[in-house]
Peer 1: 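Have a look at the structure that comes next, please.
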Amino acid sequence: MQRIILTGIIITLTLFSIGLCTAEKSSDNSIITGNLWNGTWESDNYSISIIQNGKSIAGSYEPKDPKIHDPGLLKGQLSEDGREFSGIWTEAGNFLLVLSPDKMTFTGVSKNRPELKVTESDPFTANGTRIGSAVDPNYPWTGSYKTKKADYTIIQNGTVVTGSYTPLKDIEDEPGIIEAQASEDGTKISGKWVETGKFSFVISDDLKTIEGTQGTNFTESPVIKPWVGRKTS
């Protein structure tokens, strides 16, 4: 799902606690207690901030070009030797879709900062066409849709609407899910979209470079992308 230009980003990190186990002093343990992942890292497309407190570790990433990429959060755990940080990346935002009078198409807008509300006056970012002709008058949103960039499957149960979207072939984007509520007249749905996947970073011997991979989903055959960053502070 394409997002609009960001004018700024503030991401609050919440570090989750992991109980520290008693261990003998070793060079591996010093890597963990030294909080050597702390700092800002630069990749080709992102600025990555990582905060480490012993074994507790989390981070955030901001795109250099918000017209192309989205911000998100990193949350995971360290390997025993402290060299590998792996876990889950998450991107999320809000959306608003409006169903046409004939119930066969929708138009919509989206923002990739969950604290920002979307309005119908926001720049247009998506439109979809229903695949098939059957429309249940009680659940008009239920069905399959196609946009220029993704296939959508939407299920409506009363005012509760859930769904998923998958990028079309040759479109570089991630699949995701949507959770929404329908308006009283059923012509609009608004809610949250979420994209998520796995990542794994390994810190270099000089502690200045990270190299790793990012998976775009949790299926058996996710798209795996390389991720390389260099420490800047």
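All heavy atoms count here, side chains included; hydrogens, waters and symmetry mates do not.
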Peer 1: Under the side chain to side chain contact (heavy atoms under 4.5 Å, CB included) rule, what do Tyr145 and Asp151 come out as? Steps first, then yes or no, please.
Peer 2: CA-CA 6 Å; Tyr145 300 81; Asp151 285 324; over 6 Å; no
Peer 1: Go through the steps for Phe85 and Ile50 under the test side chain to side chain contact (heavy atoms under 4.5 Å, CB included), then give the verdict.
Peer 2: CA-CA 10 Å; Phe85 172 31; Ile50 297 177; 4.2 Å; yes
Peer 1: Hey, could you give me the CG/NZ distance between Asn38 and Lys231, rounded to the nearest 0.5 Å?
Peer 2: 6.5 Å
Peer 1: May I ask you to check whether over 12 heavy atoms, not counting those of Gln181, lie within 6.0 Å of atom CD?
Peer 2: yes
Peer 1: Would a hydrophobic clustering, with Ile, Leu, Val, Met, Phe, Trp and Tyr connected at side-chain separations under 4.5 Å, put Val202 with Trp37?
Peer 2: no
Peer 1: Return yes when atom NZ of Lys208 has more than 12 non-hydrogen atoms of other residues, nucleotides or ligands closer than 6.0 Å, and no otherwise.
Peer 2: no
Peer 1: State whether the number of non-hydrogen atoms from other residues, nucleotides or ligands found under 6.0 Å of Ile171 atom CD1 is greater than 12.
Peer 2: yes
Peer 1: Please check if any side-chain donor atom of Ser200 sits under 3.5 Å from a side-chain acceptor atom of Ser86, or the reverse.
Peer 2: no
Peer 1: Judged by modelled atom types alone, do Ser43 and Asn45 share a side-chain donor-acceptor pair under 3.5 Å?
Peer 2: no
Peer 1: Answer whether the closest heavy-atom distance between the side chains of Val194 and Ile177 falls below 4.5 Å.
Peer 2: yes
Peer 1: Taking side chain as C-beta onward, heavy atoms only, is Lys225 less than 4.5 Å from Phe199?
Peer 2: no
Peer 1: Can you confirm whether Ser100 sits close enough to Phe106 that some side-chain heavy atom of one is under 4.5 Å from a side-chain heavy atom of the other?
Peer 2: no
Peer 1: In plain terms, say whether Arg230 and Glu211 are close enough for a salt bridge, that is, a side-chain N and a carboxylate O under 4.0 Å apart.
Peer 2: no
Peer 1: Partners of Trp227 by ring-ring contact (aromatic ring centres under 6.0 Å, His included), sequence neighbours excluded?
Peer 2: Tyr46, Tyr61, Phe201
Peer 1: Quick one, Val160 and Glu179 - any side-chain contact, counting heavy atoms below 4.5 Å?
Peer 2: no
Peer 1: Is there a side-chain contact between Pro63 and Pro71, using heavy atoms and a 4.5 Å cut-off?
Peer 2: yes
